[in-house]
Amino acid sequence: MPTQSRTSLQGLWSSRTAFVLAVSGSAVGLGNLWKFPYIAGEYGGGAFMLVYLLCVFAIGLPMMVSEVMLGRRGRRNPIATMRLLGEEEAGSHLWRLVGAVGVFSGFVILSFYSVVAGWSLEYVVRTASGTFTGSEPATVAASFHNLTGSWERLTWWHTVFMAITVAIVANGVQGGLERAVRILMPLLLLLLVILVGFAASTGELPAALAFLFRPDFSRLTPHGALVALGHAFFTLSLGMGAVMAYGAYLPQNASIASTSVAVVLIDTLVALLATLVVFPLVFAFGLDPAAGPGLVFETLPLAFGRMELGAIFGAFFFVVLATAALTSAIGLLEPATAWLTETTRLPRTWAAVGLGSVVWLLGLLTIFSFNTLEDVRFWQGTLYHNLEHVTVNILLPLVGLSATVFASWVMCGNSSSEELDDDAPVVYTIWRFLARFVAPAGVAVVFLSAVTASPDLG
Ligand code: PHE
């Protein structure tokens with residue numbers, strides 16, 4: 001029988017704000033600052049942005065509400081939560097597999113996420129020391145390839161980044177996660193706003209605004225729409241237990257719907273701000289908005305290298321990137337850490353160190369995919385491409401879909417309305433409609449297209 005309000009085994013957030021900061025910390029990451037600008041550029045700007053916004057609010061938001069709800073109702077790590085709720089609501093312990101696959105995906109994602117986050121650390125140093133002052137495009141591109149070609153550099157930064165992540169997670173919910181996001185999230189927003197001001201005054205703001213906010217539907221391809229949908233999902237950290245794990249520490253009296261709306265708004269705001277930093281510079285310096293994944297690392301240093309105080313603002317930009325990646329990385333490590341401490345009673349510190357070491361080792365596969373093992377290619381490309389494809393494009397949608405179906409179809413209406421009862425009845429009705437029909441349809445589309453083809457989706 002559903003029991004109201006279990007006790008969390010790991011402690012609680014001290015407030016609703018702490019929860020909003022933590023979940024938006026997990027949501028705001030490389031996806032917003034690195035990936036979103038380049039896909040928005042690649043798929044033509046305005047029309048793509050509109051589709052993206054629609055996906056975020058109609059599909060991402062109800063899924064987020066579902067995951068937070070499950071997490072808070074179970075009050076355990078995602079695997080134990082799904083097992084418990086599965087038994088309570090459906091008499092089956094198989095639902096724990098949903099949690100298990102989610103936790104596993106988070107773990108694998110962290111292994112390559114940390115490597116890319118490491119690039120931003122290297123770029124903090126490079127931009128600050130004036131490496132790019134007056135550089136030509138070819139030099140900047142070559143310098144990026146130098147970095148990815150050196151497994152020593154990559155390993156060094158991967159190690160630094162993982163060590164910081166482990167140190168934060170080891171300190172627990174309030175002492176580690178909460179303290180970190182309370183400092184890092186406001187810092188990130190502040191730096192980002194300063195950068196937007198800088199880009200607007202040095203760059204071509206009108207051209208950027210026209211590109212981003214004047215929808216031209218002739219430039220939107222069906223594939224672009226799919227990418228928007230897949231990204232809506234990734235950027236909100238859905239489908240891998242992070243949101244569920246954080247939901248487990250949410251105080252019982254906090255409204256799930258309004259906290260989720262706040263998170264989605266913050267995530268969207270950061271993605272928009274990121275484009276407002278990147279595109280004025282891109283247009284001012286005649287760079288290509290459709291440059292692809294290299295946009296942030298290969299074109300922005302060029303812009304920073306040609307402007308006054310560029311070294312300072314460039315370094316700022318990469319600090320923002322690294323900070324955002326860090327708050328996401330702690331969200332990726334937390335579910336597995338909670339699971340390990342709850343199942344083995346290992347102290348949190350050891351659980352975090354142990355899991356962090358395994359992630360570190362796994363990360364070497366990604367590192368070598370850029371150099372020594374670059375020629376080992378199969379299916380989607382290098383080892384790294386395969387890891388990314390399986391986790392981000394296949395497992396995340398599957399887990400997200402299952403969690404949403406569980407919350408809206410399998411869980412009895414009383415249980416879900418009990419969790420959402422701080423909100424007006426209409427909120428519950430809207431959530432249930434979106435979660436039952438709209439979100440599954442959207443996820444199914446992304447998922448099917450990912451398994452059938454398109455390696456660059458996500
Ligand atoms: N949401 C993060 C980002 O946008 C990525 C992420 C995905 C983090 C899944 C955790 C889980 O960068």
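Atoms within each ligand, like the ligands themselves, are counted from 1 in listed order. Computed over heavy atoms, backbone and side chain alike; hydrogens, waters and symmetry mates excluded. Residues take their numbers from the sequence shown, with the count starting at 1.
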Identify all N/O pairs between ligand 1 and the protein with a separation under 3.5 Å and present them as a table of atom names and distances.
| residue | atom | partner | partner atom | Å |
| --- | --- | --- | --- | --- |
| ligand 1 | 1 (N) | S26 | O | 3.4 |
| ligand 1 | 1 (N) | A27 | O | 2.9 |
| ligand 1 | 1 (N) | F234 | O | 3.0 |
| ligand 1 | 1 (N) | T235 | O | 3.1 |
| ligand 1 | 1 (N) | S237 | OG | 3.0 |
| ligand 1 | 4 (O) | A27 | O | 3.0 |
| ligand 1 | 4 (O) | G31 | N | 3.4 |
| ligand 1 | 4 (O) | N32 | OD1 | 3.3 |
| ligand 1 | 12 (O) | L30 | N | 3.1 |
| ligand 1 | 12 (O) | G31 | N | 2.7 |
| ligand 1 | 12 (O) | Y113 | OH | 2.6 |

Problem - side-chain hydrogen bond (donor to acceptor under 3.5 Å, both in side chains) partners of T382, counting only residues at least two apart - result: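 For T382 the side-chain hydrogen bond (donor to acceptor under 3.5 Å, both in side chains) partners, ignoring immediate neighbours, are H385.
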
Handout entry: Within 45° cone of Y123 ring axis and under 6.0 Å: R126 NZ or CZ
Key =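 Satisfied, under 6.0 Å and within 45°.
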
Handout entry: Pair E342 + R76, salt bridge at N-O below 4.0 Å
Key =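 Between R76 and E342 there is no salt bridge, as every charged N stays at least 4.0 Å from the carboxylate O atoms.
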
Exercise for the section: Would you mind listing every side chain to side chain donor-acceptor pair (under 3.5 Å) that reaches into residues 330-339, with sequence neighbours excluded? Expected result: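 Residue pairs with at least one partner in residues 330-339: Y249-E334, E334-R348.
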
Exercise for the section: Look up atom CE in M244 and atom CG in L238, then write down how far apart they are to the nearest 0.5 Å. Expected result: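 Rounded to the nearest 0.5 Å, the CE-CG separation comes out at 10.0 Å.
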
Under 3.5 Å, which donor-acceptor pairs do the side chains of residues 312-332 form with other protein atoms, sequence neighbours left out?
| residue | atom | partner | partner atom | Å |
| --- | --- | --- | --- | --- |
| T323 | OG1 | V319 | O | 2.5 |
| T327 | OG1 | G25 | O | 2.8 |
| T327 | OG1 | A324 | O | 3.1 |
| S328 | OG | G25 | O | 3.4 |
| S328 | OG | S26 | O | 2.9 |
| S328 | OG | V28 | O | 3.1 |
| S328 | OG | Y113 | OH | 3.3 |
| S328 | OG | A324 | O | 3.3 |

